[in-house]
J.: 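First, the structure itself, so that you have it in front of you.
Order of the sequence lines sets the chain letters (A, B, ...), proteins ahead of strands, with each chain counted from 1.
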Number of protein chains: 2
Amino acid sequence: MTISEVSQKYGISADTLRYYEKAGLIPPVNRKENGIRDYTETDCGWVEFIKCMREAGLSIEMLTQYIALYAKGNRTLQKRKDLLITERDRLKARIHKMQQTLKRLNYKISVYEERIVACEKKLLK
Amino acid sequence: MTISEVSQKYGISADTLRYYEKAGLIPPVNRKENGIRDYTETDCGWVEFIKCMREAGLSIEMLTQYIALYAKGNRTLQKRKDLLITERDRLKARIHKMQQTLKRLNYKISVYEERIVACEKKLLK
DNA sequence: GTAATACTTGGAGTTGGCTCCAAGTCAAGC
DNA sequence: GCTTGACTTGGAGCCAACTCCAAGTATTAC
């Protein structure tokens, strides 16, 4: 798969895909003899994974660390797991906070609803 | 309340508090005769509100719009409500996505657990 | 009265995360 | 064989959201 096809498939610009690779966010992508990127299924899998993690707010720095550990092989299993746990807990906390804020917004919206109804009644008098 | 007290109270730097005010993220803060900020309860309420919304990922641009509408008084009630609804829906969608990612991380962590256990068994043999 | 401290402002600098650009290479179509 | 178009690279530029800085003023402590 070419970079533009992968770009299409995941809705990530080719520039960003190259940036992710250069920054070590995904392992080096497979190349054709002439040096042009030719994404394998595995490469695509990494792209999809990183897209998902980025959208959830995990930092590029952390994901880079994770990939660096991955590249070092089996002896980093525990470290990788620890990293994921840290990020999982952070994500959990963020979600919790956002849920509180969601409730608050819903409440605020309901208050606006009441106020708007009250205003309309006043105008009808 | 002085800016540094408010900074302490909410864990927001004085610079950021000034930036928020200048950018129109919070209505102009009460001042003493000499021009020094003297946050009222209401001012603090706004700070707390904006802190909450920023932490949930609402953009400065959107919050600025909201405050601008607020400053125009009652005739912007409907618009403000609409703005809040848009942001509420966005927030909901983000939370949903993050929950999916949370599940994925949890699954990944469990896979690591198994692999680590398997590795340890191998070593004991 | 003067030194220290906490504030004021406008504006420059920084960071994270892209996004764009110039210059070059290569394969395909005419 | 030459143009077109998709790719390559390194590096510059951009945007959101702060963060820092210099120069100045006001209050308090001695």
J.: Does C:dG17 have OP1 or OP2 under 4.0 Å away from a side-chain N or O of A:R54?
T.: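 So the side chain of A:R54 is within the cut-off, an N or O lying under 4.0 Å from OP1 or OP2 of C:dG17.
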J.: Could you tell me which residues satisfy salt bridge (Lys or Arg N to Asp or Glu O under 4.0 Å) with A:E113, sequence neighbours excluded, listed by chain and number?
T.: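 If we apply the salt bridge (Lys or Arg N to Asp or Glu O under 4.0 Å) test to A:E113, skipping adjacent residues, the hits are B:K81.
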J.: What is the separation between atom CE on A:M53 and atom C1' on C:dG17, rounded to the nearest whole Å?
T.: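 Whole-Å distance recorded here is 18 Å.
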J.: Provide, to the nearest angstrom, the distance between the CD1 atom belonging to B:I3 and the P atom belonging to C:dA6.
T.: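 Answer to the nearest Å: 14 Å.
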J.: With salt bridge (Lys or Arg N to Asp or Glu O under 4.0 Å) as the criterion, how do A:E21 and A:R31 come out once you've worked through the C-alpha distance, each side chain's angles and the decisive distance to 0.1 Å?
T.: CA-CA 12 Å; A:E21 188 180 350; A:R31 306 280 181 133; 3.5 Å; yes
J.: State whether A:Y39 and A:K9 meet the cation-pi test: NZ (Lys) or CZ (Arg) under 6.0 Å from the six-membered ring centroid, and within 45° of the perpendicular axis.
T.: no
J.: Closest-nucleotide mapping onto DNA chain C: is A:D15 or A:N34 further toward the 5' terminus? I mean the 5' end.
T.: A:D15
J.: Rounded to the Å, how far apart are A:I36 CD1 and C:dT25 C1'?
T.: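 Rounded to whole Å, this separation is 8 Å.
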J.: Quickly work out the A:L58 CG to C:dG17 C1' distance and round it to whole Å.
T.: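 Distance check: A:L58 CG to C:dG17 C1' gives 14 Å.
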J.: Are B:T16 and B:S13 linked by a side-chain donor-acceptor pair shorter than 3.5 Å?
T.: yes
J.: Please list, in 5' to 3' order, the outermost nucleotides of DNA chain D lying under 4.0 Å from any heavy atom of chain B.
T.: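 Range of nucleotides touched by chain B: D:dA17 to D:dT27.
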J.: Decide side chain to side chain contact (heavy atoms under 4.5 Å, CB included) for B:T86 and B:D89; before the verdict, give the C-alpha distance in whole Å, the side-chain angles of both, and the deciding distance to 0.1 Å.
T.: CA-CA 5 Å; B:T86 307; B:D89 292 347; over 6 Å; no
J.: Rounded to whole Å, how long is the line connecting atom CD of A:E61 with atom C1' of C:dG16?
T.: 10 Å
J.: Indicate whether the side chain of B:R80 and that of B:Y66 have a donor and an acceptor atom separated by less than 3.5 Å.
T.: no
J.: With the threshold set at 4.0 Å, does a side-chain nitrogen-carboxylate oxygen contact exist between B:K51 and B:E48?
T.: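 Salt bridge absent between B:K51 and B:E48.
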J.: Say whether A:N30 and A:R37, considering side chains only, have a donor N or O and an acceptor N or O under 3.5 Å apart.
T.: no
J.: Contact list please: residues 17-25 of chain B against DNA chain C, heavy atoms, distance less than 4.0 Å, in numerical order.
T.: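 DNA chain C contact set from residues 17-25 of chain B: B:R18, B:K22.
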